[in-house]
Each structure stands twice: as C-alpha cells, then as structure tokens.
Amino acid sequence: QVQLVESGGGLVQPGGSLRLSCEASGRTSRFYTMGWFRQAPGKEREFLAAITWSGRHTYYADSVKGRFTISRDNAKITVYLQMNSLKPEDTAVYYCAADTNSRLGTSESLYDCWGQGTQVTVSS
C-alpha cells in the first residue's frame with residue numbers, strides 16, 4: 001500500500017503563491033502517475049493536474065492552466081504543485097493521488113491511492 005502525505009497548505013492573500021508537496025512512502029514506485037485534486041466546501045472534488053512518472057507528460061485543468069505547475073522528484077518520491085496568482089476561488093482542500101497503473105487521466109476513478117488533504121485558504 002502507498003501512503004501519501006501532503007504539506008504546504010495554509011493561508012495566503014489573493015495574488016500570492018504556495019507550493020504544495022506530496023511525499024509517498026510504503027509500497028512506492030517511481031513509475032506511478034501522480035495527480036492533484038481539490039475539493040471546495042459544497043462542491044465535488046475537482047481534477048487539477050497530473051504528471052507521468054518520467055515527468056515528460058503533464059496535463060492541467062483549464063481552471064489552473066498557466067497558474068499552477070506540477071512537478072516531481074523521483075529521487076525523493078515527491079510530487080509538487082506550485083500555485084501562483086492565487087484567487088479566493090482556489091480555496092479548498094487539496095489532495096494528491098497516485099495511479100498505480102501509470103495512466104494519465106483526469107478521472108478520480110483512475111487514482112487508487114489518496115492523501116489526507118491539505119487546506120489552502122486564499123483570503124485577504
């Protein structure tokens with residue numbers, strides 16, 4: 001089983017930046033596709049970004065394209081989400097997830113391991 005632990009969330013002003021980290025442990029593999037999702041109060045969980053094991057292929061939701069960047073360090077078995085130009089509507093719990101079948105997709109159903117989430121609040 002893979003354990004994922006997110007960190008880096010917090011309170012930030014509109015226009016600010018945060019970098020989220022997700023460290024994997026347990027039965028890990030550098031070959032997993034990793035993704036980031038978020039869930040705002042009263043809303044469904046939303047796909048944000050995904051990255052293949054090599055880092056060569058990434059995919060972003062339109063809502064964050066150009067503002068968020070996903071990356072990974074396979075030596076540390078960690079994936080990152082750099083978030084810039086944050087808006088109040090980015091406020092949510094952010095989750096990282098692993099697809100142990102190494103696909104590249106946006107559907108929650110493709111991801112079989114999830115972290116516990118980290119809160120991001122964008123407010124002045």
Side-chain angles (χ1 to χ4, degrees):
Q1 186 70 4
V2 178
Q3 290 81 46
L4 303 175
V5 179
E6 302 95 336
S7 61
L11 174 65
V12 63
Q13 292 188 341
S17 298
L18 279 177
R19 189 177 81 155
L20 305 183
S21 300
C22 173
E23 184 173 358
S25 62
R27 190 180 174 186
T28 60
S29 170
R30 293 172 174 77
F31 302 106
Y32 297 156
T33 293
M34 300 296 293
W36 284 97
F37 292 76
R38 70 184 177 190
Q39 187 167 22
K43 295 188 176 181
E44 294 186 352
R45 192 148 54 184
E46 170 191 15
F47 167 82
L48 298 177
I51 187 168
T52 55
W53 70 269
S54 67
R56 191 175 304 170
H57 301 289
T58 58
Y59 189 79
Y60 295 92
D62 288 342
S63 59
V64 303
K65 198 175 296 183
R67 297 191 299 126
F68 290 9
T69 302
I70 189 170
S71 61
R72 66 190 296 161
D73 182 338
N74 284 339
K76 298 180 180 178
I77 317 180
T78 299
V79 65
Y80 305 97
L81 186 68
Q82 177 67 43
M83 306 187 295
N84 298 327
S85 302
L86 284 163
K87 307 174 183 179
E89 51 264 44
D90 293 318
T91 295
V93 177
Y94 283 68
Y95 299 90
C96 74
D99 172 5
T100 60
N101 291 298
S102 303
R103 297 157 291 189
L104 180 64
T106 64
S107 173
E108 282 187 57
S109 63
L110 296 176
Y111 295 84
D112 44 353
C113 296
W114 292 81
Q116 83 289 349
T118 185
Q119 175 71 44
V120 172
T121 302
V122 184
S123 175
S124 55

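We use all heavy atoms of the structure for the numbers below, so side chains are in, but hydrogens, waters and symmetry mates are not. Computed from a predicted model, the values in this text were never measured in an experiment.
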Closest contact, heavy atoms only, Ala98 versus Met34: CB-SD, 3.6 Å

Salt bridge (charged side-chain N to carboxylate O under 4.0 Å, His left out) partners for Asp99, two or more places apart: Arg103

Pairs involving residues 110-124, ordered by first then second residue, that meet salt bridge (charged side-chain N to carboxylate O under 4.0 Å, His left out) (sequence neighbours left out): none

In one Ile/Leu/Val/Met/Phe/Trp/Tyr side-chain cluster, 4.5 Å: Leu4, Ile51: yes

Partner set under ring-ring contact (aromatic ring centres under 6.0 Å, His included) for Tyr111, not counting sequence neighbours: Phe37

Nearest heavy-atom neighbours spanning Tyr32 and Thr100: CD2-CA, 3.4 Å

Common cluster, Trp114/Phe47, ILVMFWY with side-chain heavy-atom separation under 4.5 Å: yes

Within-4.5 Å side-chain heavy-atom neighbours: Val120 and Leu20: yes

Gap between atom CD of Gln82 and atom CZ of Arg67 - 0.5 Å precision: 12.0 Å

Minimal non-hydrogen separation, Val122 against Lys87, with atom names: CB-O, 3.2 Å

Within-4.5 Å side-chain heavy-atom neighbours: Leu110 and Asn101: no

Val93 with Leu18, same ILVMFWY side-chain cluster at under 4.5 Å: no

Residue pair Thr106 / Tyr59: nearest heavy atoms and the distance that separates them: CG2-CE2, 3.3 Å

Nearest heavy-atom neighbours spanning Ala24 and Val2: CB-CG1, 4.3 Å

Those residues that, when tested against Ser85, pass side-chain hydrogen bond (donor to acceptor under 3.5 Å, both in side chains) (two or more places apart): none

Side-chain donor-acceptor contact under 3.5 Å, Ser63 with Glu89: no

Closest non-hydrogen atom pair, Gly115 against Tyr95: O-CD2, 3.6 Å

Listed once per pair and sorted, the salt bridge (charged side-chain N to carboxylate O under 4.0 Å, His left out) pairs that draw on residues 4-24, sequence neighbours left out: none

Thr58: side-chain hydrogen bond (donor to acceptor under 3.5 Å, both in side chains) partners, not counting sequence neighbours: none

Stepwise side chain to side chain contact (heavy atoms under 4.5 Å, CB included) test for Tyr80 and Asp73: CA-CA 8 Å; Tyr80 305 97; Asp73 182 338; 4.0 Å; yes

Selection residues 45-91 - residue pairs positive for disulfide bond (SG atoms under 2.5 Å apart), sequence neighbours left out: none

Salt bridge (charged side-chain N to carboxylate O under 4.0 Å, His left out) against Lys65, all qualifying residues, sequence neighbours excluded: Asp62

Beyond-backbone contact of Arg72 with Asn74, side-chain heavy atoms, under 4.5 angstrom: yes

Non-neighbouring partners of Tyr94 that pass side-chain hydrogen bond (donor to acceptor under 3.5 Å, both in side chains), sequence neighbours left out: Arg38

Interatomic distance, Thr118 atom OG1 to Leu81 atom CG [nearest 0.5 angstrom]: 11.0 Å

Test item: Met83 and Trp36 side chains (from C-beta on) under 4.5 Å apart, heavy atoms: no

Residues which pass side-chain hydrogen bond (donor to acceptor under 3.5 Å, both in side chains) with Ser124, listed by chain and number, not counting sequence neighbours: none

Qualifying disulfide bond (SG atoms under 2.5 Å apart) pairs, either residue in residues 50-124, two or more places apart: Cys22-Cys96

With sequence neighbours excluded, residues passing side chain to side chain contact (heavy atoms under 4.5 Å, CB included) with Ser123: Leu11, Thr121

